[in-house]
Amino acid sequence: MSLASYASDPASGRGRRYVEPAAPTRDDYQRDRDRIVHSTAFRRLVYKTQVFLNHEGDLFRTRLTHSLEVAQLARSIARALQLNEDLTEAIALAHDLGHTPFGHAGQDELNGCLRRIDPQGSGFEHNLQSLRVVDRLEQRYASFEGLNLSFETREGILKHCSRRNAQALELHEPGGVGRRFLDGTQPSLEAQLCNLADEIAYNAHDVDDGVRSGLIGFEQLREVPLVATHMDAAQREHSGLEGRRLLFETLRRVLSAQVYDVIDATRSALRQHRIEQVSDVRKSPLLVQFTPAMRDESLALKRFLFARLYRHPQVESTTHRARRVVRELFEAYVTGAAELPSSAAESATPFRAVTDYVAGMTDRFAISEHQRITGRTVFEHHGRVSGG
């Protein structure tokens with residue numbers, strides 16, 4: 001498939017931080033994707049949480065399955081828009097490499113730990129940690145630290161960044177991946193697409209996981225216009241459809257509606273802003289988008305999930321215990337009550353070393369390490385193993 005004139009082209013990309021000979025059979029973005037898939041951080045995602053912790057059941061989403069779903073959705077949209085599918089896939093697969101154990105609970109607690117130690121510091125941002133993983137923490141090559149990914153992949157991984165952290169990045173890499181957060185320009189269309197595909201994917205699979213857990217019921221889902229519309233349509237077309245098949249058919253239609261909406265809305269935005277090349281993309285407003293009506297429906301679904309799932313007492317109880325594990329692990333390593341492995345202690349500062357080590361843990365390793373250090377059991381294993 002030929003690329004659109006405004007798609008990212010590896011032949012005209014900004015290259016890598018460390019110059020390498022070209023690969024004989026792959027372009028830069030294909031090479032990036034392969035390096036990400038073979039990285040240690042990517043394998044760890046299989047035991048890192050989305051909403052339900054790793055020990056709560058073997059069919060709930062993990063960071064790995066989430067990343068695969070984001071990549072599938074993003075590639076489908078990229079193909080329709082004639083964007084670079086390989087770059088899109090690389091960004092999607094790498095976007096959560098810096099996430100802590102226990103999902104957002106772990107991230108929030110690690111940020112709190114750092115801010116209590118250094119109130120004027122920059123805290124913890126998982127997007128910045130993802131960049132740190134691919135730039136420094138992966139140790140797979142003799143000639144350089146990290147994975148030495150292309151600029152465009154690194155730029156897409158860093159989808160959010162505080163101004164303070166962007167300034168720090170700019171000092172070490174003038175005109176690099178932090179620059180756009182200082183001058184108000186936009187990343188590539190592929191990066192914009194991955195950001196929106198991430199939102200589409202987690203909204204849909206959190207509905208699925210919420211129903212599977214028993215915390216969300218079918219009647220509650222009818223409170224959400226986007227879901228109710230497609231659930232009603234599915235039942236009109238398939239008399240007697242119910243249970244898991246009704247849920248899957250509904251979510252399939254919800255995903256399709258959002259994908260087609262993004263394609264149409266983005267095409268309209270590209271025409272409106274007369275986008276002809278990558279430089280036009282960077283000077284324009286965000287171009288990969290929903291229509292206003294679908295944006296409203298997506299926000300309504302997100303508000304529903306916050307109220308009915310993320311703030312559910314059972315989830316909040318688990319969140320509280322997860323934050324305790326992260327906090328007590330961090331404190332144990334910082335105070336010296338527990339010793340970091342020698343490989344983890346090589347970071348520039350003790351706090352940085354502890355942060356990198358804790359952020360890199362999987363759910364189950366964090367739980368077992370916490371139990372080893374403290375002698376206390378915070379989580380009892382009650383996973384439900386099933387094939388349904």
Side-chain angles (χ1 to χ4, degrees), residues 1-17 22-23 26-33 36 70-95 127 131 149-161 166 173 175-201 255-295 298:
M1 185 192 76
S2 61
L3 295 176
S5 60
Y6 41 71
S8 296
D9 184 350
S12 57
R14 290 183 49 177
R16 306 180 187 279
R17 294 192 303 161
R26 297 171 296 167
D27 66 35
D28 277 354
Y29 303 151
Q30 292 167 340
R31 207 174 183 186
D32 285 354
R33 175 201 57 211
I36 291 160
V70 174
Q72 181 272 315
L73 286 170
R75 282 199 73 142
S76 295
I77 298 171
R79 188 175 304 119
L81 295 172
Q82 292 183 276
L83 303 182
N84 193 298
E85 290 185 51
D86 296 313
L87 174 59
T88 300
E89 184 177 27
I91 295 170
L93 294 176
H95 81 281
N127 288 128
L131 183 67
L149 303 181
S150 66
F151 172 86
E152 291 77 21
T153 300
R154 295 172 60 240
E155 176 189 55
I157 290 171
L158 191 66
K159 63 181 183 180
H160 303 298
C161 186
E173 185 187 0
V177 293
R179 186 66 205 172
R180 70 182 179 90
F181 299 99
L182 301 176
D183 61 20
T185 54
Q186 304 298 343
S188 68
L189 288 169
E190 291 83 0
Q192 294 180 37
L193 171 53
C194 286
N195 197 9
L196 192 52
D198 184 26
E199 177 183 332
I200 294 171
L255 286 171
S256 294
Q258 291 182 299
V259 165
Y260 299 143
D261 184 270
V262 170
I263 292 169
D264 291 343
T266 302
R267 283 174 174 162
S268 177
L270 292 168
R271 289 192 299 269
Q272 177 187 346
H273 294 281
R274 300 179 179 178
I275 304 300
E276 296 182 357
Q277 53 192 351
V278 172
S279 59
D280 297 332
V281 172
R282 296 187 178 279
K283 293 180 290 187
S284 298
L286 283 173
L287 297 164
V288 181
Q289 57 188 255
F290 286 127
T291 60
M294 183 60 79
R295 167 53 60 191
S298 177

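Within the 4.5 Å cutoff, the side chain of Phe290 has heavy atoms near those of the Ile200 side chain. Contact annotation: the side chain of Ile275 approaches that of Ser284 to within less than 4.5 Å [non-hydrogen atoms, C-beta and beyond]. Within the 4.5 Å cutoff, no side-chain heavy atoms of Asp280 are placed close to those of Tyr6. Between Leu287 and Gln186 there is no side-chain heavy-atom pair separated by less than 4.5 Å. Between Ile36 and Leu149 there is a side-chain heavy-atom pair separated by less than 4.5 Å. Looking only at side-chain heavy atoms (C-beta outward), Leu81 and Leu189 stay at 4.5 Å or farther from each other. A 4.5 Å side-chain heavy-atom check between Asp183 and Arg180 finds at least one atom pair inside the cut-off.
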Exercise. Applying side chain to side chain contact (heavy atoms under 4.5 Å, CB included), run through Val177 and Leu131 and close with a yes or a no.
Key: CA-CA 10 Å; Val177 293; Leu131 183 67; 3.7 Å; yes
Quiz item: For Ser188 and Gln192, what are the C-alpha separation, side-chain angles and deciding distance, and is it a side-chain hydrogen bond (donor to acceptor under 3.5 Å, both in side chains)?
Solution: CA-CA 6 Å; Ser188 68; Gln192 294 180 37; over 6 Å; no
Exercise. Start with the C-alpha distance between Thr291 and Asp264, add both sets of side-chain angles, then the distance that settles side chain to side chain contact (heavy atoms under 4.5 Å, CB included), and finish with yes or no.
Key: CA-CA 8 Å; Thr291 60; Asp264 291 343; 5.6 Å; no
Exercise. Please assess Asp28 against Arg14 for the test salt bridge (Lys or Arg N to Asp or Glu O under 4.0 Å), listing each intermediate value before the final yes or no.
Key: CA-CA 10 Å; Asp28 277 354; Arg14 290 183 49 177; over 6 Å; no
Self-check item: Test side-chain hydrogen bond (donor to acceptor under 3.5 Å, both in side chains) applied to Ser8 and Glu190, step by step
Solution: CA-CA 7 Å; Ser8 296; Glu190 291 83 0; 2.8 Å; yes
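Salt-bridge annotation for Glu152 and Arg16: absent, with no side-chain N of the basic residue lying under 4.0 Å from a carboxylate O of the acidic one. Using a 4.0 Å cut-off between charged side-chain N and carboxylate O, Glu199 and Arg295 make a salt bridge.
Under the salt bridge (Lys or Arg N to Asp or Glu O under 4.0 Å) rule, Asp86 has a single partner from Arg26, Arg33, Arg31, Arg79, which is Arg33. The salt bridge (Lys or Arg N to Asp or Glu O under 4.0 Å) test with Glu173 singles out one residue from Arg17, Arg154, Arg179, and that residue is Arg154.
Pairing each heavy atom of Leu193 with each of Ala74, the nearest pair is CD2-O, 3.3 Å. Across all non-hydrogen atoms, the minimal contact from Phe151 to Arg282 is CE2-NH2, 4.4 Å. The heavy-atom pair separating Tyr29 from Ala90 by the smallest distance is O-CB, 4.2 Å.
Under 3.5 Å, the side chains of Ser76 and Gln72 contain a donor-acceptor pair of N or O atoms.
Between the side chain of His273 and the backbone N or O of Leu270, no donor-acceptor pair lies under 3.5 Å. Distance alone, capped at 3.5 Å, places no donor-acceptor pair between the Asp198 side chain and the Cys194 backbone. Formation of a donor-acceptor pair under 3.5 Å by the Asn84 side chain with backbone atoms of Asp9 is not found in this model. In terms of modelled atom types and a separation under 3.5 Å, the side chain of Thr185 and the main chain of Lys283 share no donor-acceptor contact. A side-chain donor-acceptor contact under 3.5 Å links Thr266 to the backbone of Val262.
Once rounded to the nearest 0.5 Å, the distance linking CD1 of Ile91 with CG of Asp32 reads 9.0 Å. Taken from CD1 in Ile77 to CG in Leu83, the straight-line distance is 9.5 Å, to the nearest 0.5 Å. Interatomic distance, CG of Asp261 versus OG of Ser256, reported as 12.0 Å (0.5 Å rounding).
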